[in-house]
Protein chains: 2
Amino acid sequence: MRNVDKHDVPAVTVPRLALYLRKLRELRSRGVDRVSSKDLAEMIGLNAAQIRKDFSYFGEFGTRGVGYEVARLVDEITHCLGLDHSWNVIIVGAGLMGTALARYRGFAEQGFRLVGMFDSSATVIGASYGAGRVRGIAELEGFCREEKVDIAMVTVPAGEAEATIGRLAAAGVHAVLNFAPVKVQAPDGVLVRQVDLSSELMSLTFYLDRELD
Amino acid sequence: MRNVDKHDVPAVTVPRLALYLRKLRELRSRGVDRVSSKDLAEMIGLNAAQIRKDFSYFGEFGTRGVGYEVARLVDEITHCLGLDHSWNVIIVGAGLMGTALARYRGFAEQGFRLVGMFDSSATVIGASYGAGRVRGIAELEGFCREEKVDIAMVTVPAGEAEATIGRLAAAGVHAVLNFAPVKVQAPDGVLVRQVDLSSELMSLTFYLDRELD
DNA sequence: GAATGTGAATTTATTCACAGCA
DNA sequence: TGCTGTGAATAAATTCACATTC
């Protein structure tokens, strides 16, 4: 296998790997055991060469003239994405979005262990939403260090997101999925991905407004 | 103003406009009335030339030597994104995510009117989550046509997403925000944007796994 | 002097097209 | 023959750099 430094992998390839993995798992569960880049491309709606090139950053997973073995490919991509072991996740902010996420069972299936949930409001501290009792925000740093938290999903109000992410960074959490509608300047060494529903809706209205042509 | 055909605007510019709009509104509400591309770029964490170029697809909004008037820019981008009138939105799927979205007040502030909510399960039909009573899925097409629904947020299980989006397309809904964890092949004339939380988490683990360098 | 608006240069991503192998 | 893996070609996006205007 050749060099797999993150700097060799285009940023856009990574989310596509997740896409491939999902489709491949589906194929596997349907009993399909071989697939070509052409088939996969058609199923997902991409170019076949793109799929092959994406794989090529990590190794040679297929057989010329034949295609890819689905089970092998699932294992390889699982490994590429770091999903061959589990990750400790917390939710900061036990509002509407935070509690919906806490109750969602889809994450556990992918190896994401929800180990804690935090909020600043006395009215929800102690309540339970499928992730143990909600802890007070004061416990955040201690908990993150002790429990080796890998990822925080931040669902606090916009005005608190920056400070929250700063605290997480200081407590050694290196990855954040931020649902607050602010683009936060990521502290050094912290990876922040933004989930921004208003922005998504606005991208839709942009094209809707131009659809008359 | 020059040509503003959607084909002249790079796809990546559109979500950035939403980002600019949010920051500019914040500046306006803080009483800031002028801003340079350099300032804005620093606040958001982008290159100043990129911001200027993004604006340039739509017109000339600034004054050389001076900068941009915040209020003017807010209006211009609001218009570019089609946000100077309101849009009718429905939610299909009254599960965890659907009900959380229904109760979220942030959308209304942006001009998104939640006009209906649908589910197939008898146990939730008739319940209310801040968007009127939940209607049965059988009413979907009739409702979309009558109420001129613009956008559907789809929060149904993965296996039902494709069929649901097909029905929406047939009923004249041209834009979908899909939360179901499947990349749906968009029917002709329908814009589908994907909100995929598992994929986002997987992108984070990819980089976490490589962080040791 | 200061900051925009934009061609040109650069970088990044996608797609083509074909050599190489089962 | 059929499909992978990958250099080369193309397309898209970003950034530079500067003429232009206030």
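In what follows, chains carry the letters A, B, and so on, assigned in the order in which the sequence lines appear, proteins first and then strands, with residues in each chain numbered from 1.
Sorted by first and then second residue, the salt bridge (charged side-chain N to carboxylate O under 4.0 Å, His left out) pairs with a member in residues 177-205 of chain B read A/Arg22-B/Asp196, A/Arg193-B/Glu200, A/Glu200-B/Arg193; sequence neighbours excluded. Within the structure, the salt bridge (charged side-chain N to carboxylate O under 4.0 Å, His left out) test picks out no pair touching residues 173-182 of chain A (sequence neighbours left out).
For the ring-ring contact (aromatic ring centres under 6.0 Å, His included) test, residues two or more places apart in sequence or in another chain that qualify with B/Tyr68 are B/Phe55. By the side chain to side chain donor-acceptor pair (under 3.5 Å) test, A/Ser203 is found to be paired with no residue, residues two or more places apart in sequence or in another chain being considered. Residues forming a ring-ring contact (aromatic ring centres under 6.0 Å, His included) with B/Tyr129 (at least two apart in sequence, or on another chain): none. Listed by chain and number, the residues in a ring-ring contact (aromatic ring centres under 6.0 Å, His included) with A/Phe179 amount to none (sequence neighbours excluded). Residues satisfying the salt bridge (charged side-chain N to carboxylate O under 4.0 Å, His left out) criterion with A/Arg105, sequence neighbours excluded, are absent altogether. Under the rule for a side-chain contact (heavy atoms from CB on, under 4.5 Å), B/Asp33 has no partner lying at least two apart in sequence or in another chain.
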Would you give me the side-chain donor-acceptor pairs under 3.5 Å for residues 89-102 of chain B, sequence neighbours excluded?
unit_1  : atom_1 : unit_2  : atom_2 : d
B/Thr99 : OG1    : B/Gly95 : O      : 2.8
B/Thr99 : OG1    : B/Leu96 : O      : 3.1

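For residues 19-37 of chain B, proximity to DNA chain D is found at no residue, defined as any non-hydrogen atom under 4.0 angstrom from a strand atom. Near DNA chain D, meaning a heavy atom under 4.0 Å from it, residues 39-54 of chain B has B/Asn47, B/Ala49, B/Gln50, B/Arg52, B/Lys53 in order of number.
For the pair A/Tyr68 and D/dG5, the criterion of a side-chain N or O lying under 4.0 Å from OP1 or OP2 is met.
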Close N/O contacts between protein and nucleotides 19-22 of chain D (under 3.5 Å):
unit_1 : atom_1 : unit_2  : atom_2 : d
D/dT20 : O2     : B/Arg64 : NH1    : 2.9
D/dC22 : O4'    : B/Arg64 : O      : 3.3

